[in-house]
Amino acid sequence: MANKNPLLQAPPYSVEQALKRLGENLRVARIRRRITIEEAAEKIGTGRRAVMEAEKGKASTASGVYVALLWAYDLLGPFSDLANPATDEQGLALASLKEKTRVRKSKGLSGDF
C-alpha cells in the first residue's frame, strides 16, 4: 500500500487557506468571463472534475491545473512574478551574508602570454 502524502492529508493552515483563496478567485474569474466548467476543462485539456477541485482549492489538484486555469482566464502575467529571486528580500539578505568580503589573487598560472 502506498504511503499517503501528509501535505495532501493535512496541509499547513496558511497553505490550505491560500489554495482556497486561489480556488475561489479562479471560480469568480471563470464566472465573470461567462465560461462554463466544461469549456474551461476543454480549453486546458482536462476533465470537469479537475476544474471543480481547483476551484475548491484542493491540495491534491496538480499545480499544472491551477496554472493552466490562470492562463485560460488571461491571468498568468502576475504568476510569473511569484518567487522572483530579484524581489526575494530574505533570499537576497542570506546571499549577501555568504559573499566574499575580500578578494585574493590566484596562485595559479597567469593567462598573460
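Since the structure is predicted, the reported quantities are computational estimates derived from the model, not experimental observations.
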Find out if a path of hydrophobic residues (ILVMFWY) with successive side-chain heavy-atom gaps under 4.5 Å connects Val65 to Ile31.
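No; Ile31 is not reachable from Val65 via cluster members.
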
Which atom of Ala54 lies closest to which atom of Leu69, heavy atoms considered:
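Nearest pair, atom of Ala54 first, then Leu69: CB-CD1, 3.7 Å.
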
Closest approach of Val15 and Pro11, non-hydrogen atoms and distance?
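Looking at all heavy atoms of both residues, the closest pair is CG1-CB, 4.2 Å.
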
How close do Leu26 and Tyr73 get, counting heavy atoms only, and between which atoms?
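Residues Leu26 and Tyr73, closest heavy atoms: O-CE1, 3.5 Å.
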
If you count every heavy atom of other residues, nucleotides or ligands that lies below 6.0 Å from Asp74 atom CG, does the total exceed 12?
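Incorrect, the count does not exceed 12.
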
Kindly indicate, with the supporting measurements, whether the criterion side-chain contact (heavy atoms from CB on, under 4.5 Å) is fulfilled by Glu24 and Glu55.
CA-CA 6 Å; Glu24 291 167 2; Glu55 289 184 357; over 6 Å; no

Near Arg49 CZ, under 6.0 Å, is it more than 12 heavy atoms from other residues, nucleotides or ligands?
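At most 12 heavy atoms, drawn from other residues, nucleotides or ligands, come within 6.0 Å of this atom.
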
In terms of hydrophobic clustering (I, L, V, M, F, W, Y; side-chain heavy atoms under 4.5 Å; direct or indirect links), are Phe79 and Leu22 co-clustered?
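As far as the 4.5 Å side-chain criterion goes, Leu22 and Phe79 are connected within one cluster.
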
Considering all heavy atoms of both residues, which atom of Gly91 and which atom of Asp88 are nearest to each other, and what is their separation?
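Smallest heavy-atom distance, with atoms named: N-OD1, 3.1 Å.
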
Verify the neighbour count for atom CD of Glu53: are there more than 12 heavy atoms of other residues, nucleotides or ligands below 6.0 Å?
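Yes, the 6.0 Å shell around CD holds more than 12 heavy atoms from other groups.
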
Ignoring hydrogens and angles, tell me if any N or O in the side chain of Arg33 forms a donor-acceptor pair with the backbone of Ala29 under 3.5 Å.
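It does hold such a pair.
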
I need the Asn84 CG to Asp81 CG distance, nearest 0.5 Å.
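Going from CG on Asn84 over to CG on Asp81, the span is 5.0 Å.
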
Is any side-chain heavy atom of Lys58 less than 4.5 Å from a side-chain heavy atom of Leu19?
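No, side chains not in contact.
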
For the residue pair Ile44 and Ala72, what are the closest heavy atoms and their distance?
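Closest approach of Ile44 to Ala72: CG2-CB, 3.9 Å.
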
Would you find more than 12 non-hydrogen atoms of other residues, nucleotides or ligands less than 6.0 Å from Arg30 atom CZ?
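Yes, CZ of Arg30 has more than 12 neighbouring heavy atoms, counting only those of other groups under 6.0 Å.
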
Nearest non-hydrogen partners of Glu39 and Arg34, listed with the distance:
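The pair with the smallest heavy-atom distance is OE1-O, 3.9 Å.
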
Would you sort out whether Trp71 and Lys43 count as a side-chain contact (heavy atoms from CB on, under 4.5 Å), showing the intermediate values?
CA-CA 10 Å; Trp71 166 79; Lys43 185 169 183 174; 3.9 Å; yes

